[in-house]
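The model shown is predicted, which means the values in this text are computed figures rather than measured ones.
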Amino acid sequence: MRVAYAGLRRKEEFKALAEKLGLTPLLFPVQATEKVPVPEYRDQVRELAQGVDLFLATTGVGVRDLLEAGKALGLDLRKPLEGAFRLARGAKAARTLRELGLPPHAVGDGTSKSLLPLLPQGPGKAALQLYGKPLPLLENALAERSYRVLPLMPYRHLPDPVGIRRLEEALLGGEVDALAFVAAIQVEFLFEEAKDPKALKEVLNTRVKPLAVGRVTADALREWGVKPFYVDETERLGSLLQGFKRALQKEVA
């Protein structure tokens, strides 16, 4: 069973886990991720260091990058975060906050929408950690609750044209049996940049089994008309592959 991986991070981990389970891993990253240079958002980091009332963590890697940016500027951001009401968008962000000794006061289901009922009423200052793109849904909701929003974007995503082309050719050429996505943006980049998105949709609904880490990624597939074969709700690579293998065995039985 040839399983392609559309992610950029943790490629070697995916490869090792797949081989351990007797699967053949194929690496086709469709995205490039770059850290935003600290000087580009230096003023926002300094404002965060002065304290906020609310902190929204949307990704684990983004939280760590923020703390690193603080260190680069000679600032300890743990103190202002300790004094804030902390919300995590999903399991990964929550896990990182706990590892840093900053447990979230509430956790969403991995979607921005799930944070809306968890937002306390303002007024105050809310720091919103972005994951590569603006989040108007959350920014507007915070403004409606009388918060002044401090957006912080420690990294940004870019499509990888070469990786997208290679993956599309492999999918349409019958070289892939299953395709694993670990982020919604990978689904979006693949379909938005593909030469033939209709053919991709067809192949992912017939010959190739789409796998998704988390509900948000699965929803992105559905938005493009693709039904996921297996969705891992724990948002972990290992359990995704293990669950996929169990699902395969059930299908055969």
Review point. Are F28 and L171 side-chain neighbours, meaning at least one heavy-atom pair lies under 4.5 Å?
Key: no
Residues P37 and R156: closest non-hydrogen pair is CD-NH2, 4.0 Å
Looking at R165 and E168, is any side-chain nitrogen of the basic one under 4.0 Å from a carboxylate oxygen of the acidic one? yes
CG (L142) and CD (E139) are apart, to the nearest 0.5 Å, by 8.0 Å
- Start with the C-alpha gap between D65 and E68, add the side-chain angles, then the distance that decides, and say whether side chain to side chain contact (heavy atoms under 4.5 Å, CB included) holds. CA-CA 5 Å; D65 283 350; E68 286 179 16; 4.1 Å; yes
| query | According to a 4.5 Å side-chain heavy-atom criterion applied to Ile, Leu, Val, Met, Phe, Trp and Tyr, with indirect links allowed, do L221 and V216 form part of one hydrophobic cluster? | reply | no
- [ ] Report, as yes or no, whether the 6.0 Å neighbourhood of atom NZ on K201 holds more than 12 heavy atoms from other residues, nucleotides or ligands.
- [x] no
Taking every heavy atom of A57 against every heavy atom of A93, the minimum-distance pair comes out as O-CB, 3.6 Å
Are the side chains of R148 and L150 in touch, meaning some heavy atoms are under 4.5 Å apart? no
Path from L211 to M1 over hydrophobic side-chain contacts below 4.5 Å
yes
Tell me whether F189 shares a hydrophobic cluster with L172, the cluster being built from Ile, Leu, Val, Met, Phe, Trp, Tyr side chains joined at under 4.5 Å. yes
Whether the side chain of R78 engages the backbone of L100 through a donor-acceptor N/O pair (distance < 3.5 Å, no angle test) should be reported. yes
Minimal heavy-atom distance between K11 and P29, with the atoms involved, is CD-CG, 4.3 Å
_I'd like to know whether K209 forms a side chain to side chain contact (heavy atoms under 4.5 Å, CB included) with L248, so could you lay out the CA-CA distance, the side-chain angles of the two residues, the decisive distance to 0.1 Å, and finally the verdict._
CA-CA 10 Å; K209 301 182 185 303; L248 276 179; 3.7 Å; yes
- Query: How far apart are the C-alpha atoms of Q242 and L21, what are their side-chain angles, what is the distance that settles it, and do they pass the side chain to side chain contact (heavy atoms under 4.5 Å, CB included) test?
  - Reply: CA-CA 8 Å; Q242 289 164 359; L21 291 169; 4.1 Å; yes
Exercise. Judged by atom type as modelled, is there a donor-acceptor pair below 3.5 Å linking the side chain of R222 to the main-chain atoms of K227?
Worked result: no
Q) Distance-only, no hydrogens or angles: does the D53 side chain make a donor-acceptor pair with backbone N or O of P123 under 3.5 Å? A) no
Please answer whether the main-chain N or O of V30 pairs with a side-chain N or O of Q186 as donor and acceptor at a distance below 3.5 Å.
no
**Prompt:** Is any side-chain heavy atom of F229 closer than 4.5 Å to a side-chain heavy atom of V208?
**Reply:** no
When every non-hydrogen atom of L135 is compared with those of S112, the smallest separation belongs to CD2-OG, 4.1 Å
Nearest heavy-atom approach of F14 to A4 is CZ-O, 4.2 Å
d(Y230 OH, K250 NZ) to nearest 0.5 Å is 8.5 Å
Assigning hydrophobic clusters by single linkage (Ile, Leu, Val, Met, Phe, Trp, Tyr; side-chain heavy-atom cutoff under 4.5 Å), is L23 placed with V176? no
| query | Among the clusters formed by ILVMFWY side chains lying less than 4.5 Å apart, do L116 and V107 turn up in the same one? | reply | no
L190 vs L179, side chain to side chain contact (heavy atoms under 4.5 Å, CB included): CA-CA, chis, key distance, verdict = CA-CA 12 Å; L190 176 60; L179 172 58; 4.2 Å; yes
Check your understanding: Okay, side chain of S114, backbone of D109: is any donor-acceptor separation there less than 3.5 Å?
Key -> yes
*Take atom CZ of R9 as the centre, draw a 6.0 Å sphere, and report whether it contains more than 12 heavy atoms from other residues, nucleotides or ligands.*
no
Query raised in the report: Do R166 and E175 sit within salt-bridge range, that is, some charged N less than 4.0 Å from a carboxylate O?
Result: no
| Taking the side chain as C-beta and beyond, is there a heavy-atom pair between E19 and P25 under 4.5 Å? | yes
Rounding to 0.5 Å, atoms OH (Y41) and CG (L48) come to a distance of 10.0 Å
Scanning both residues in full, the closest heavy-atom pair of A88 with P104 reads CB-CB, 4.1 Å
Over 60° means perpendicular and under 30° means parallel, so tell me whether F191 and W224 are parallel, tilted or perpendicular.
parallel
Inset, instruction - May I ask you to decide if G225's main-chain N or O and N205's side chain share a donor-acceptor pair within less than 3.5 Å? - result: yes
Could you tell me whether the side chain of V61 reaches within less than 4.5 Å of the side chain of Y131, counting heavy atoms only? no
Given the options V52, L54, L119, L128, Y147 meets side chain to side chain contact (heavy atoms under 4.5 Å, CB included) only with L54
d(L152 CG, Q129 CD) to nearest 0.5 Å is 8.0 Å
Rounded to the nearest 0.5 angstrom, the CG-CG distance for L8 and D160 is 8.0 Å
Checklist entry - Do E188 and H157 have side-chain heavy atoms sitting under 4.5 Å apart? => result no
* Heavy-atom distance under 4.5 Å between the side chains of L81 and L67, does that happen here? -> yes
- Query: Considering only heavy atoms from C-beta outward, does the side chain of T59 approach that of K92 to under 4.5 Å?
  - Reply: no
CZ of F244 to CG of D232, rounded to nearest 0.5 Å, is 13.0 Å
Can a donor-acceptor pair be found, under 3.5 Å and without considering hydrogens, that links the side chain of R86 to the backbone of P103? yes
